[in-house]
Structure formats: structure tokens, C-alpha cells
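Shown next, in C-alpha cells, is the structure this report addresses.
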Amino acid sequence: MKFLILNGPNLNLLGLREPDIYGKQTYADLKSFVESVCAREGIECEVRQSNHEGVLVDWIQAAYGAFDAIVMNPAAYTHTSVAILDALKAVSLPAAEVHLSNIYEREAFRHVSYPGMACIKTVYGKGFAGYEEAICFLKNHLEGKE
Ligand code: DQA
């Protein structure tokens, strides 16, 4: 089982970026957390981050035939990107959306998620643990348990 874990704009600045909202741990911490969860679950993974919408779209397209599932925190593109939604629909891989913060308790513009419309699971407001929940959900889903 091989998962692609994608992170959108500004998540490379975790630790520095609005620590009251996103915490003090860095992107490197997030990457090693996700890699350790996948290793524990016996899942191969690639964890990537980009600030560019088209790069994220290219990676989703290239995931077809190469990965079994996608976990994605689209960050700010969550609230704007029909292109990411369409890419997820195009490849039709099981996908789960993660947000570190509780987007539903923040500004109204964060309450809409376009990529979320192509995801079978959304986890928000749980910090790094949200990635673990999404990974385990998709693993169970692929094994026919969820
Ligand atoms: C985020 C929430 C988004 O609204 C925001 O633009 C982000 C991060 C989160 O992880 O909580 O960049 O996706």
C-alpha cells in the first residue's frame, strides 16, 4: 500500500506561522510524524509540500497508477481550488482531507472546501493527529474495513 501525502501553501512555515493556531512544531516535525505513522502501519509513503497550485495538480495527476490513496492538506487552496477538486475527481483515488485547525470555528471563508467535495473523509482541528486519523481511515477503507 502506497500513500501520497500532500501539503499546500505556507505549511512549510509551520512553527513560525501563527503558532497560536498551528502550533510550534515545524514542517520537518510533521513530515517525520507522518512517515513514522505510515511505517508503523506498513504503508509506503511520499510526503510533499508545495506553495503552487499547479504543482499540487500535477502531483495528483501523476498519482494515478502510482499510489493507492491521497491524504491532503490543501491549506489555503482548500477554499479556492476547483482545479485541485477536479484533479482529485479525475484520478478517482480514495482521498482524505486534513486541516490542523478547526476551519469551522474560523472565518466564514474557511468554511467551504472544494477539494473536500472529492474526499471520503475530512479531519479538522486535531493537529498532527488528524493526519494519523486520515491515514488509518484510508488504510481500513482499502482493506474493506471502513
Ligand atoms: C489549514 C486551514 C486553512 O484555512 C489555511 O489556509 C491553512 C491551513 C489547516 O491546516 O488548518 O493554510 O488547512
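Order of listing sets the numbers, starting from 1, for every ligand and every atom in it.
The protein non-hydrogen atom at the shortest distance from atom 9 (C) of ligand 1 is L100 N, 3.3 Å. Scanning the protein for heavy atoms near atom 1 (C) of ligand 1, the closest one is H99 ND1, 3.8 Å. Scanning all protein heavy atoms for the shortest distance to atom 8 (C) of ligand 1 gives Y22 OH, 3.5 Å. With hydrogens left out, the protein atom closest to atom 11 (O) of ligand 1 is S101 OG, 2.6 Å, a heavy atom.
The residue from E18, R106, R110 that alone fulfils the side-chain hydrogen bond (donor to acceptor under 3.5 Å, both in side chains) condition with S101 is R106.
Using cut-offs of 30° and 60° on the angle between ring planes, the pair H111 and Y104 is tilted.
By the 4.0 Å heavy-atom criterion, I103 is counted among the residues contacting ligand 1.
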Tell me which donor-acceptor pairs under 3.5 Å the side chains of residues 55-66 have, and how far apart each pair is, sequence neighbours excluded?
none

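To the nearest 0.5 Å, the span separating CD1 on I70 from CG on L4 amounts to 5.5 Å.
A donor-acceptor contact closer than 3.5 angstrom is absent between the side chains of E143 and H141.
Across the listed options R17, M72, H79, R17 owns the non-hydrogen atom lying nearest to atom 12 (O) of ligand 1.
Only the side chain of R110 comes within 4.0 Å of ligand 1, counting heavy atoms alone; its backbone N, CA, C and O stay farther away. Residue contacts with ligand 1 for N73 involve side-chain atoms from C-beta outward but no N, CA, C or O (heavy atoms, distance under 4.0 Å).
Ring pair Y131/F33: centre-to-centre distance not below 6.0 Å.
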